[in-house]
Amino acid sequence: MKCPFCHNPNTQVTDSRLLEETNSIRRRRRCPACGQRFGTFETIEMRMPQIIKSTGSRVAFNPHKLRTSLERALHKRPIDAETIDDTVALIEQRLYGLGHKEVSSQLVGEMAMEELAKIDQVAYVRFASVYKSFNDVSEFTQAIATLPQDSEGKH
């Protein structure tokens with residue numbers, strides 16, 4: 001790390017602390033050339049994969065768009081905002097964990113459906129009907145048939 005005072009390219013770390021709430025590291029540094037002390041923060045730079053749309057175009061992953069889609073499917077369902085936030089974060093984590101530079105929008109949609117099936121089966125069918133462009137009632141019936149039977153009284 002370059003010293004901000006004398007621009008010496010080498011500085012010494014005197015103390016490091018993990019900041020749990022921001023998942024970053026705070027480092028206290030000292031410049032051996034000028035003796036000045038300063039602090040730095042180190043954070044993880046996460047590069048999400050590009051999304052390849054069905055048209056072949058590529059766009060940046062947009063967690064807000066994913067959240068909006070989930071909210072539409074969960075409209076008037078008894079699911080709190082925290083659960084939606086957790087679901088978006090989980091899908092983001094899964095996408096990042098793939099380690100790919102590009103993923104299809106279809107994969108993102110499949111992940112969203114998979115998570116909705118766990119959270120709320122009505123929302124799953126709503127999302128699937130739009131995502132898969134259902135044309136008639138038989139397609140709804142097929143989607144419902146793929147859901148696991150609800151033995152715990154979950155939604």
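Predicted model, so just to flag it, every value in this text is computed and none were measured.
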Taking [Y] as the starting point, is it possible to reach [X] by hopping between hydrophobic residues whose side chains are less than 4.5 Å apart?
{"X": "F5", "Y": "F41", "result": "no"}
{"X": "V59", "Y": "M111", "result": "yes"}
{"X": "I25", "Y": "F38", "result": "no"}
{"X": "I51", "Y": "M48", "result": "yes"}
{"X": "I91", "Y": "I52", "result": "no"}

Inter-residue atom distance L70.CG - R77.CZ, 0.5 Å rounding: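 Output value for this atom pair is 14.5 Å.
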Straight-line distance of Q106 CD to K53 NZ, nearest 0.5 Å: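 Between Q106 CD and K53 NZ, I get 14.5 Å after rounding to 0.5 Å.
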When you measure from the side chain of [X] to the backbone of [Y], do you find a donor-acceptor pair of N or O atoms at a distance under 3.5 Å?
{"X": "R58", "Y": "G56", "answer": "yes"}
{"X": "T11", "Y": "C3", "answer": "no"}
{"X": "T14", "Y": "R28", "answer": "yes"}
{"X": "T68", "Y": "H64", "answer": "yes"}

Less than 4.5 Å apart, side chain to side chain, heavy atoms only: is that true for [X] and [Y]?
{"X": "E92", "Y": "P63", "result": "yes"}
{"X": "V103", "Y": "F61", "result": "no"}
{"X": "R126", "Y": "H75", "result": "yes"}
{"X": "S16", "Y": "R27", "result": "yes"}
{"X": "I119", "Y": "I84", "result": "no"}

Residue pair R29 / T40, side-chain donor-acceptor N/O under 3.5 Å: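 Distance-only check passes for R29 and T40.
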What is the minimum heavy-atom distance between [X] and [Y], and which atoms define it?
{"X": "G35", "Y": "R30", "value": "CA-NH1, 4.0 Å"}
{"X": "C34", "Y": "C31", "value": "N-SG, 3.5 Å"}
{"X": "L90", "Y": "E115", "value": "CD2-OE1, 3.2 Å"}
{"X": "L18", "Y": "S24", "value": "CD1-O, 3.4 Å"}
{"X": "P32", "Y": "N10", "value": "CD-O, 3.4 Å"}
{"X": "G109", "Y": "F127", "value": "O-CE2, 3.7 Å"}

Evaluation steps, side-chain hydrogen bond (donor to acceptor under 3.5 Å, both in side chains), between D80 and T83: CA-CA 6 Å; D80 61 8; T83 301; 2.4 Å; yes
Full working for side chain to side chain contact (heavy atoms under 4.5 Å, CB included) between L98 and L107: CA-CA 11 Å; L98 293 173; L107 178 63; 3.5 Å; yes
Verdict with reasoning, R67 to D85, per side chain to side chain contact (heavy atoms under 4.5 Å, CB included): CA-CA 7 Å; R67 186 183 211 305; D85 291 338; 2.5 Å; yes
Test log, rule side chain to side chain contact (heavy atoms under 4.5 Å, CB included), inputs L116 and L74: CA-CA 9 Å; L116 282 172; L74 289 160; 4.1 Å; yes
Heavy-atom neighbours of E82 CD exceed 12 at 6.0 Å: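 At most 12 heavy atoms, drawn from other residues, nucleotides or ligands, come within 6.0 Å of this atom.
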Presence of salt bridge, R94 and E114, under 4.0 angstrom: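 Salt bridge flag = yes for R94 with E114.
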